[in-house]
Amino acid sequence: MVNKPEATRDAYGRALLALGQLRSEVVVLDADLSKSTKTAGFAAKYPERFFNVGIAEADLIGTACGLTLSGLKPFASTFAIFATGRAYDQIRNSVAYPRLPVVIAATHAGLTVGPDGGSHQSLEDIALMRVLPNMQVWVPADGEEAYQMVIEAATETGPVYIRLGRQVVPHVTPADYKFEKGRAQVFGPSGDVTIIACGVMVAEALRAAEELRQAGLSVQVVNMSSIKPLDTEVLEAAASHSRLIVTVEEHFVAGGLGSACVEYLSTLRSRPQVGMLGVEDRFGQSGHPDELLDLYGLRASNIVAAVKRSLDS
Amino acid sequence: MNTVLLRNKAQEMRRLIMEGIAEAGSGHPGGSLSLVEIMSYLYFYQAQLHETDPLWPERDRIILSKGHAAPALYAALAAKGYMPHEEMLTLRKLGSRLQGHPDMRKLPGVEMSTGSLGQGLSVANGLALGLRLQNKANKVYVVLGDGELQEGQVWEAAMTAAHHRLTNLMAVVDYNGLQIDGFTGEVKRLEPLAEKWQAFGWQTVTVDGHSFADLYRGFNVERDDRPLVVIAKTIKGKGVQYMENVADWHGKAPSKAQAQEYIEGIGGDVRG
Ligand SMILES: Cc1ncc(C[n+]2csc(CCOP(=O)(O)OP(=O)(O)O)c2C)c(N)n1
C-alpha cells in the first residue's frame, strides 16, 4: 500500500514489475513511449518479455492479439489518444470482437497531459472503449487503485482498457480498499447529493463534498472506477436517497462516465435531478494541468457551484 | 507430397465454395477460388495439423488475414474433416458457425477473427513471437490478399517481423492482381512487390499459386534469418471460367443453377 501522491502511470510501472515476477505469462508491448508510459522498468528487467513495435499503434494492438493466441498475457501501452484513436479498428475487430485478453493500459489521458496540448489530450477514450462489447473500462483515482487494477487485469480472460494519467494525483483510497470490477468505492453515507467521479476528478469531488458539508448539505462521493461494468447498485441507491446526482470527469461530457450513469438512471422508475460536469464540446489546449482544470471548469469549486445552482433552481 | 490428394481436396473445396456462396446468396467467390490450391497445400501438406482435432495444442497456425475469403477457409476445414460438409450450406445464415467473415469464437479451426483487412500479419507476428518465447516449434502461416497490402498496418507488421527475425513465420500473398474496384495495378500499384518485401527485410520467393510443386518450392526454400513471404501468382475466380480474372465476381454470388452447373461440370456431389 502506497499512500502518497503518485501518478497512475507510475503505479502501472510498479505493478508491471511485480507481475513480471508473479506471472511468467505477462508480456509488455509499447510503441516508442516506454519512458512515458512507464513500461521501461519492465523492459529493463525482462527484456525478452518486452516488445517495442516502434511508432506503429495498429501493429501494437495486433501483435498483442497474436501474443494472446500463443497463451501469453499482453499489456499494450501507448498514450490514450493513440491507443484508442489510431488503433480503434484494431481494438474493435481484433481485440473486442474475438474477446482476446489484451490489456490496453493507456497513459496520458485527459487534459492533465498539459503542455502537449489538444492533439494529445484524449477526452473521448472512455466513450470509444465503453461502447465496445466485451471491453471493460477501468479508471483509477490514484496510484494505489491503479496498482491494484493492473494486478487484477492480469487475471482477466477478456479485454480490459485501463485509463492512466500523466500527472501526480493525491492518494484517496482508504487503507482497506480492494479494487473489484463492477464495484464502486463509496465515501460517506448516502445523502442529499451524490457526486460520482472517476480518475483525477475523485480528489476534486472529495474536496467539493467537504465544502458542501460545511454548507450544511449531506453529500456522498462515489469513485466509479469501474465504468464498465458499471456499479448499478450504487447508482440505484444514489437514485433513491439523493435529490441530486452530479457526475464529474476529465473527459467529454458526451459518452463518458456521466453518459454511462445517465443511461442506467434513465431506466429507473424515479430518479433525481442529474448534473454532468466534464469537458463540453471542445478540444483541449496547451497549458499547465492545473490551469487547464481551472479553465475547463473541473475543480472542486465548479462542482460546488454546480450543486448549489442545481439545488437552488 | 501426394499431389493427387491435394488436387482432389482442391476440387472438393471449389465445389463447397460454389455451393456455399450460392446457397447464401452473397459472399466472395473470386478471392476464395484463387486461394484454393494455397489452402489445399497448407492444410493437406505443409502445416502440421491433427487429423481430427482442430485445437490440437501442437498444431501449426494458419491465419486468414483476407477474411472475406472465409468460404475458402471453411471449405478447407470441411475437407479436413473438422466440420461436416453440409454445414457449408449454413454459410452467412442466422445462427451459423460460418459467419460472413471468420469468427474464432464460433468455429474451431478458425485461428483468428478477421474481416477488417490489414490486421492478420500483426497478429501472426505476435503469435510467432509468443510461440518462440515459449520455445515452441510450431510455425505460423498467414494468408494475405494483394489488395490488402495497400493497408499501412501490413508494412508496420512487415518491419516488426523482420526486426525480430521471425523465421517461424511464413506469409503468403494471394497475388491475383485484382481488388474490388479493379486491377491492383490500376487502383494503386503494388509493383515492384518482391523488392518491397525485400526492402522491408524479408526473404521472398515468387511462385505459381495454382501449382502444388511450385508452392512446395516456395515454402521450402533454404531459409536465412529473415521471415519468408511466398508471393503466389494466382487467378481470381480460378476454376470457374466466367469468373476468372473478372473484378465483378469479387463479391457477387453465383446463382444456385450456376453452382449446380459447375458441380456437374467437374463431376461428383458436393457431399461426396
Ligand atoms: C479495412 C478494410 N477495408 C475495406 C474492406 C472491404 N474489402 C473487402 S475485400 C476488399 C478487396 C480486397 O482485395 P484483395 O486483398 O486483393 O483480395 P482478393 O482480391 O484476393 O479478394 C475490400 C476493399 C475490408 N474488408 N477491410
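Chain letters run A, B, ... following the sequence lines, proteins first, then strands; residues in each count from 1.
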- Item | Straight-line distance of A:Asn134 CG to B:Arg105 CZ, nearest 0.5 Å | 8.5 Å
- Is the number of heavy atoms from other residues, nucleotides or ligands under 6.0 Å of B:Arg97 CZ greater than 12? yes
- When B:Gln153, B:His101, B:His163 are compared by non-hydrogen pairs under 4.5 Å with chain A, the top option: B:Gln153
- Message: Give me the atom names and distance for the closest heavy-atom approach of B:Gly130 to A:Ser70.
- Response: CA-OG, 3.2 Å
- Task: Measure B:Ala124 against the heavy atoms of chain A and call it side chain, backbone, both or neither at under 4.5 Å.
- Result: neither
- A:Phe51 CZ to B:Leu133 CG distance, which is reported to the nearest 0.5 Å: 5.0 Å
- Query: For A:Gln21, does the CD atom sit with more than 12 other heavy atoms under 6.0 Å from it, leaving out its own atoms?
  - Reply: no
- Note on the structure: Heaviest contributor of heavy-atom pairs below 4.5 Å to chain A, chosen from B:Ser122, B:Ala128, B:Gly152, is B:Ser122
- With side chains defined as the heavy atoms from C-beta onward, is the minimum distance between A:Ser94 and B:Met112 less than 4.5 Å? yes
- Query: Among A:Leu72, A:Leu69, A:Thr63, whose side-chain contact (heavy atoms from CB on, under 4.5 Å) with B:Leu127 holds?
  - Reply: A:Leu69
- Message: I'd like to check B:Met104 versus A:Leu100 (side-chain heavy atoms, cut-off strictly below 4.5 Å). Are they in contact?
- Response: yes
- Item | Per-residue contact mode, A:Glu25 against chain B (heavy atom under 4.5 angstrom) | neither
- Partner chain B: residue of A:Cys65, A:Ser24, A:Gly62 with the largest heavy-atom pair count (under 4.5 Å): A:Gly62
- Item | Side chain, backbone, both or neither of A:Arg92 within contact of chain B (heavy atoms, under 4.5 Å) | neither
- Item | Minimum heavy-atom distance B:Glu156-A:Asp59, with the two atoms named | OE1-N, 2.9 Å
- A:Asp89 and B:Gln119: which non-hydrogen atoms are nearest, and at how many Å? OD2-NE2, 2.9 Å
